[in-house]
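Worksheet: the structure to be examined is printed underneath.
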Amino acid sequence: MPDNRMDPGGDGPLAALVDAAVSVLAERLECSLEEARQRLRGLAERSGVSEPEAAAAVLDSSRTPASTAPFDEVRRMASAAAAEAARMAARAVAAPGREPLADLAGTLREHLAHEVGADAVAVYAAEPDASLQLVGAAGVPPAVVDAWSRVPAHPPTEAGYVARTRDPLFLPDRTATPPHYLLVGGPGAEWPSRAVVPVGDGNAVAVVVAFFVKQQPFPAPVRAAVTRIVDEVAGEVVERLRAHPHQAGWITDAQSMLDALPGAVGVSVPIRDANGTIVDWVLVAASPEATDVTGLRGQELVGTSTATSYPTLVGTELWHSLTQVFESGRPREIGPFTYTPQSPGIETAVFTVRISQFGGGVLLTWTRLDEERRLAARIAQTERLGRLGWGEWDLTTGSVYWSEGLYAIFRRDPESGPPTLEEATSQLHPQDAPRIAPQLARVFEHGQAADLNFRILVGARERHLRARFETIRDRTGGVLKVYGIIQDVTAREAAARDRARLVDIEAELAERLRSQQTEHRLVVALQQIILPIPTGVLHLPGLDVAVRYLPAEVTSRVGGDWYDVVELPDGRSLLAVGDVAGHGITAAATMARLRHSVAALAVTSTEPGELLGFLNRIVHDDASEPTATVVVAHFDPETRELTWAQAGHPPPILVSGGTASALTRPPGMIVGARPDSTYETVTTTLAEGDTVLLYTDGLIERRGGYDSDWLGPLLRTVAGAGQVPVDRLIARLQPANPGDDTCVLALRPA
């Protein structure tokens, strides 16, 4: 028969992972353990992953591999398991000695070493899901701490047995360990003996594992001494663990569950005073859609205290129900009730809340009932994000309704009301009008549904639209109403054209890579297609803008510097400058994606910091893993306020009153580095005659890196040039590093 025990020389947690997967396969396939092990090895080989990674995928029963690409799914699931393991290890390494029982573990080791010769001690907290979390260790090697910081309930361990039965376990010889138990810390010969003792009254709240390098037979006096020493600190162990519920590992699992749930869901744990009385509740996990009255959302809510953040709830029915549900285990639903905040500027709201006991705390599900206002806000947000608008034409009464998004698409003042069908048709592009006008007539006269793609002219600008029309008829077939949804797809069309051009140029480059001169010509052509440089000054509402692009002297280093200037529907202007890491085709292609992404996101948010957050998410999810520095600004011609945010980018330069200085940058990491990066927004009010420079680092970064006076030459060049026209001002600027591209944007209130 095959040996079910772990290989003593194997890696403890990885071998246990493989054994558990083998058992699952044997059960599912109704085969022997040896046959299941061979199946697992074959799966790993065909998938191109390690055996433990394949085992992690098998154990992830919440997902079913796609039938068309099973091994791709295995790789994806294995990578997710490996990433979670890396995060757990990072947490253990990031805070060595910060566990709530780190010092007590050291004290235990000293006493046990003195009286019975123990060499190392590990203290584990028992969690609601029957797993164990390392909360203190002394004398245990860092590698073992990392690997055994969390001990799952399955496969079973000797520590888990003690936590479940509350019976101490003394193992004089590791080779005599029952075959169905895994040894905490691994079965290596460096610890041939160990003692495992429970801590706490009632259900054990912790277990202490004492390791011995020399074999220990554990006579009665030694067992009594170990038990006595552990009992001496039992009260302190229990008190500290109850005071640190947020450090429990089960919360990590709870957050993983909440990440997949819709709606507003959270987990709160109680905070107790010295007498054990619950005095507050802290939210330790939250679903992505969870939000509160202050606007905090998802992970932003984690760590909020009920008594501090929502003080008017203290003493209410909801407040008392939290403790009642936690102690009795009986769920409750509270509401509808009105929450009245103390802070000014926050509206009252009506909620219902459902409370259930969960793990070491309570599970909260809340619904905001003043939904009509929220629904209207969501529709408006959907229109902004999707550049959508909708309309309704009642042909019996002649009334017409346009949504705010539709007014924005056609750049029409809502005060003027919806246009007539003839007025709207007059905005069709002359080349599209002969094709589209008859189709619109069939919609409104004959009730024919239609899905149309066409262009309109807004002033001198061309916009690409997609429209879908549906109709309602009476019994005779007459048209009663027409409903239409229209989307502005201008940015998408521009991106599609650029992608098509990009494919053509890349194909040509692939055939002619032998000639550096040819490559340079094509790359420059690509950059000119993606990043056209205007001649003269751009005149936007209340703002004059000049652009200058200084290419690198080295032909192979044409790269990813870019800019964008967009006139927004509300009269403001969006201005952006960015620098993609790298050079050549790859950087230029990434630059194209970023530039069009910024243009597409320009209407999604009124705050540059939020726009950078969206852009960071897009860049981070790009399979080519690019990074870039960016500065984004909005200019309001009415107030002359420049509202801006940056992502790892050099600071803007303000030229004012004969002096030049760098603006203080708000915090912001380069886009693409982390999915959860946030960006702060600041506002700078410009006086008449002020000039602001946005630029890439080629203007200031000298060969060999920055020096102590890295901005000095630029500041001295532009100081006192406030009266010089913006196009002549940037014509004076020369790049500090001729080997790098440079892009400069100069803007001045008109």
Side-chain angles (χ1 to χ4, degrees), residues 255 258-259 262 264 286-292 294-304 374 377-378 380-388 491-492 495 560 562-566 568-570 572-581 590-636 641-652 663-684 694 696:
Q255 183 62 64
L258 264 58
D259 285 340
S287 63
E289 294 182 8
T291 185
D292 72 351
T294 67
L296 295 179
R297 191 176 191 88
Q299 287 296 308
E300 296 174 341
L301 290 167
V302 173
T304 54
R374 295 181 64 211
R378 286 185 177 181
Q381 184 180 31
T382 300
E383 287 191 338
R384 287 195 301 271
L385 292 176
R387 290 190 165 188
L388 294 167
R492 185 189 306 171
W562 59 276
Y563 80 96
D564 204 2
V565 177
V566 179
L568 300 177
D570 59 5
R572 295 178 305 144
S573 300
L574 177 137
L575 309 108
V577 169
D579 186 358
V580 176
T590 301
M591 175 264 285
R593 290 195 295 273
L594 263 65
R595 186 169 187 259
H596 288 299
S597 294
V598 168
L601 291 170
V603 296
T604 66
S605 172
T606 59
E607 184 179 6
E610 189 178 35
L611 187 150
L612 281 180
F614 292 148
L615 185 66
N616 176 68
R617 185 73 254 185
I618 292 171
V619 176
H620 184 272
D621 292 343
D622 194 319
S624 62
E625 300 182 346
T627 58
T629 68
V630 187
V631 59
V632 176
H634 281 156
F635 177 77
D636 189 336
E641 289 181 343
L642 187 73
T643 304
W644 60 283
Q646 65 86 33
H649 203 79
L663 298 178
T664 301
R665 300 188 304 173
M669 184 180 293
I670 60 174
V671 296
R674 292 180 54 183
D676 57 350
S677 296
T678 59
Y679 303 87
E680 294 186 11
T681 299
V682 296
T683 298
T684 303
L694 308 179
T696 56

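Along the sequence shown, residues are numbered consecutively beginning with 1. The analysis underlying the following values was restricted to heavy atoms, covering all of them including side chains, and did not include hydrogens, waters or symmetry mates.
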Quiz item: Which pair of heavy atoms, one from Gln255 and one from Ala286, lies closest together, and at what distance?
Solution: NE2-O, 2.8 Å

Quiz item: With a 4.5 Å heavy-atom cut-off, do Glu625 and His620 have their side chains touching?
Solution: no

Self-check item: Atom pair CG/OG1 of Asn616 and Thr678 - distance to nearest 0.5 Å
Solution: 9.5 Å

Self-check item: Atom of Gly668, atom of Tyr679 and distance for their closest heavy-atom approach
Solution: CA-CD2, 3.5 Å

Quiz item: Quick one: does Asp676's side chain get under 4.5 Å of Gln299's, heavy atoms only?
Solution: no

Quiz item: Looking only at heavy atoms, what is the nearest atom pair of Pro675 and Arg617, with distance?
Solution: CB-NH1, 3.2 Å

Practice problem: Quick one: do Val682 and Thr664 satisfy side-chain contact (heavy atoms from CB on, under 4.5 Å)? Show the steps, please. | Solution: CA-CA 9 Å; Val682 296; Thr664 301; over 6 Å; no

Quiz prompt | Main-chain N/O of His649 paired with Arg665 side-chain donor or acceptor, under 3.5 Å | solution = yes

Quiz item: Are any non-hydrogen side-chain atoms of Leu611 and Leu574 less than 4.5 angstrom apart?
Solution: yes

Quiz prompt | Within-4.5 Å side-chain heavy-atom neighbours: Thr304 and Asp292 | solution = no

Quiz prompt | Least distance between heavy atoms, Leu612 atom then Ala647 atom | solution = CD1-N, 4.1 Å

Practice problem: Would you name the heavy atoms of Ala628 and Ile670 that are closest together and state the gap between them? | Solution: O-CB, 3.5 Å

Quiz item: Would you say the side-chain atoms of Thr291 pair up with the backbone N or O of Leu296, donor to acceptor, closer than 3.5 Å?
Solution: yes

Quiz item: Closest heavy-atom contact between Met669 and Ala673?
Solution: SD-CB, 3.8 Å

Quiz item: In Å, rounded to the nearest 0.5 Å, how long is the span from CH2 of Trp644 to CG of Leu694?
Solution: 9.0 Å

Quiz item: Measuring from Leu642:CG to Leu663:CG, what's the distance to the nearest 0.5 Å?
Solution: 8.0 Å

Exercise. Rounded to the nearest 0.5 Å, what's the gap from CG on Leu568 to OG on Ser573? Could you check?
Key: 6.5 Å

Self-check item: Test item: Glu680 side-chain N/O and Gly609 main-chain N/O as donor-acceptor pair under 3.5 Å
Solution: no

Quiz item: Less than 4.5 Å apart, any side-chain heavy atom of Thr643 and any of Arg572?
Solution: no

Self-check item: Thr681: which of His634, Glu610, Glu607 passes side-chain hydrogen bond (donor to acceptor under 3.5 Å, both in side chains)
Solution: Glu607

Self-check item: Partner of Trp562 under side-chain contact (heavy atoms from CB on, under 4.5 Å), chosen from Thr696, Val598, Thr590
Solution: Val598

Quiz item: Do any N or O atoms from the side chain of Asp564 and from the backbone of His596 form a donor-acceptor pair under 3.5 angstrom?
Solution: no

